[in-house]
Number of protein chains: 2
Amino acid sequence: MLSVSTSPYHHGDLRNALLRSARALLERSGEADLSLRSVARDAGVSSAAPYRHFADKDELLAALAAMGYRELTERFGSMPATDGALTDLVEGFLAFAEAEPGLFRLMFSYPCTRGDKEPARAGRAALEALQHQLPGFSEEALTGAWALGHGLAALIVHNQLSPGDDRREYVAAIIKAAAKASS
Amino acid sequence: MLSVSTSPYHHGDLRNALLRSARALLERSGEADLSLRSVARDAGVSSAAPYRHFADKDELLAALAAMGYRELTERFGSMPATDGALTDLVEGFLAFAEAEPGLFRLMFSYPCTRGDKEPARAGRAALEALQHQLPGFSEEALTGAWALGHGLAALIVHNQLSPGDDRREYVAAIIKAAAKASS
DNA sequence: TCGGCAATGTGAGCGTTGTCCACATTCTAA
DNA sequence: TTAGAATGTGGACAACGCTCACATTGCCGA
């Protein structure tokens with residue numbers, strides 16, 4: 001056969017291709033329109049193919065969420081442990097949520113009623129990694145910063161809050177105000 | 001006719017009945033299994049009936065989320081404006097999320113890309129109501145407490161954190177630690 | 001009082017989805 | 001080389017969101 005580029009029967013790296021497609025579709029069309037079939041279409045395979053790599057749709061989403069947590073951890077990994085680290089931590093959440101709101105929403109709304117699911121583990125791992133990376137801060141302080149970052153980012157992603165021009169300054173102001181009010 | 005209790009053709013209060021059914025199913029089976037058809041079944045009507053009261057499924061969920069925000073506001077409405085108000089505020093989130101995790105998740109994961117949707121408005125309204133109820137605190141402090149409450153509750157709902165026996169003390173410790181670390 | 005219209009409910013049906021199945025193709029190790 | 005594991009296909013099924021034409025009921029003006 002001289003046919004130039006008939007796609008081979010076996011894809012070669014379908015699992016990652018599906019994750020990439022899903023991630024792109026998530027940002028482009030939103031979670032509601034993210035069907036397994038559309039992911040398969042985007043990756044150029046049949047609608048049954050994904051089941052060779054993920055038990056069900058949920059498992060694909062879980063892998064995507066876990067991927068997000070790992071990248072969030074990396075982002076924090078390159079953070080200096082200075083005095084403003086907690087502000088940087090919160091600000092990092094906002095930057096992440098702004099860059100990929102779809103993935104952010106998926107990560108933090110994934111229903112993990114059973115604690116053994118992958119995203120829950122990945123989330124805990126991210127929190128624990130943070131404790132290693134910033135040993136100067138107490139566990140409570142880091143948990144608080146994590147929660148504050150998540151909460152602020154969620155408010156912004158959901159259009160209930162819009163920080164001004166300087167996001168970092170805004171975050172610092174909120175932390176300072178809350179700290180003063182609760183002292 | 002002597003038939004004792006044939007349900008009448010017209011329900012009478014179907015809209016609220018649907019909301020009640022949806023809310024119950026949300027807690028019992030989770031959001032993934034919450035179909036408009038199952039809500040209709042639970043309310044004892046045909047699967048097309050809900051469309052006389054909600055434009056689509058999304059609108060029902062939006063109404064449910066808005067309802068949640070109103071109840072959250074009420075909860076905070078009866079809060080004394082003492083020194084520990086911010087801790088109470090955060091703790092209120094945790095209590096709400098614990099009581100109805102399904103509704104909590106729906107409220108805070110509802111995709112409001114367009115800012116004019118009802119839940120986004122209800123969320124903003126709740127935040128603004130808080131500023132009226134606790135005039136002694138700055139807007140930044142209240143926003144921070146709101147975000148921290150949301151974030152901590154999400155961590156707990158998603159099984160990534162389990163506070164000890166005394167939740168309020170735990171919250172206070174986190175606020176104090178974060179405040180100290182960022183001072 | 002009655003007649004008609006708006007409001008509200010029904011059942012059937014369309015297109016899409018998640019998932020499974022039997023089968024086809026390719027890769028790999030013995 | 002060849003058997004079996006891995007990976008892909010097309011077709012099917014039930015459930016879903018949603019729409020339509022039609023049925024039933026409540027209510028208001030003549």
Side-chain angles (χ1 to χ4, degrees), chain A residues 1 3 5-26 28-65 102 106 110-111 113 117-119, chain B residues 1 3-26 28-65 102 106 110-111 113 117-118:
Chain A
M1 292 276 280
S3 137
S5 89
T6 39
S7 52
Y9 192 89
H10 281 168
H11 181 286
D13 190 24
L14 185 53
R15 190 190 151 92
N16 285 318
L18 290 170
L19 287 172
R20 269 195 305 274
S21 287
R23 189 163 177 172
L25 288 173
L26 189 59
R28 199 180 323 143
S29 332
E31 187 175 359
D33 289 346
L34 182 69
S35 68
L36 244 198
R37 292 174 110 108
S38 70
V39 172
R41 266 193 301 273
D42 190 85
V45 296
S46 80
S47 48
Y51 288 89
R52 299 295 174 188
H53 302 274
F54 301 96
D56 51 21
K57 182 185 181 182
D58 213 56
E59 204 174 282
L60 200 172
L61 296 184
L64 219 48
L106 176 67
Y110 188 89
T113 331
K117 287 271 190 71
E118 194 187 1
Chain B
M1 292 277 279
S3 133
V4 184
S5 87
T6 37
S7 53
Y9 193 87
H10 282 168
H11 181 285
D13 190 23
L14 185 53
R15 189 190 150 92
N16 285 318
L18 290 170
L19 287 172
R20 270 194 305 273
S21 288
R23 189 164 177 172
L25 288 173
L26 189 57
R28 198 179 324 142
S29 331
E31 187 175 358
D33 288 347
L34 183 69
S35 69
L36 207 44
R37 290 172 112 108
S38 70
V39 172
R41 264 194 303 273
D42 190 84
V45 295
S46 79
S47 48
Y51 290 91
R52 299 291 175 191
H53 301 274
F54 302 96
D56 51 21
K57 181 184 181 182
D58 213 55
E59 202 173 283
L60 199 172
L61 296 184
L64 220 48
L106 176 67
Y110 188 87
T113 331
K117 289 271 190 71
E118 194 188 2

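So you know, we letter chains A, B, ... as the sequences are listed, proteins then strands, and number each from 1.
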Inset, instruction - Calculate the interatomic distance between B/Leu34 atom CG and D/dA15 atom C1'; express it in whole Å. - result: 14 Å
Inset, instruction - Measure from CG on B/Leu25 to C1' on D/dC16 and round the result to the nearest Å. - result: 15 Å
Inset, instruction - With a 4.0 Å heavy-atom cut-off, tell me which residues in residues 37-48 of chain A come close to DNA chain D, sorted by residue number. - result: A/Arg37, A/Val45, A/Ser46, A/Ala48
Inset, instruction - Return the 5'-most residue of the pair A/Ala55, B/Asp13 with respect to DNA chain C, ranking by each residue's nearest nucleotide. - result: B/Asp13
Legend entry - B/His53 side-chain N/O to C/dA7 phosphate OP1/OP2 under 4.0 Å: no
Legend entry - Gap separating the CZ atom of B/Arg23 from the CG atom of B/Asn16, nearest 0.5 angstrom: 11.5 Å
Inset, instruction - Report the distance from atom CG of A/Asp33 to atom P of C/dT16, rounded to the nearest whole Å. - result: 13 Å
Inset, instruction - State which residues pass side chain to side chain contact (heavy atoms under 4.5 Å, CB included) with B/Tyr51; sequence neighbours excluded, sorted by chain then number. - result: B/Leu36
Inset, instruction - Report the distance from atom CG of A/Leu36 to atom C1' of C/dG18, rounded to the nearest whole Å. - result: 7 Å
Inset, instruction - Name all pairs fulfilling the side-chain hydrogen bond (donor to acceptor under 3.5 Å, both in side chains) condition that reach into residues 37-47 of chain A, sequence neighbours left out, sorted by first residue then second. - result: A/Ser21-A/Asp42, A/Ser35-A/Ser38
Legend entry - Separation of D/dA5 C1' from A/Arg52 CZ (nearest whole Å): 11 Å
Inset, instruction - Identify, with sequence neighbours excluded, every residue that meets side-chain hydrogen bond (donor to acceptor under 3.5 Å, both in side chains) alongside A/Asp33. - result: none
Inset, instruction - Can you figure out which of C/dT10, D/dT19, D/dC16 approaches the side chain of B/Ser35 most closely? - result: D/dC16
Legend entry - A/Phe54 CZ to D/dG8 C1', straight-line distance once rounded to whole Å: 15 Å
Inset, instruction - For A/Leu60 and C/dT19, give me the distance from atom CG to atom P, rounded to whole Å. - result: 11 Å
Inset, instruction - Could you tell me the separation between the NZ atom of B/Lys57 and the P atom of C/dT17, rounded to a whole number of Å? - result: 14 Å
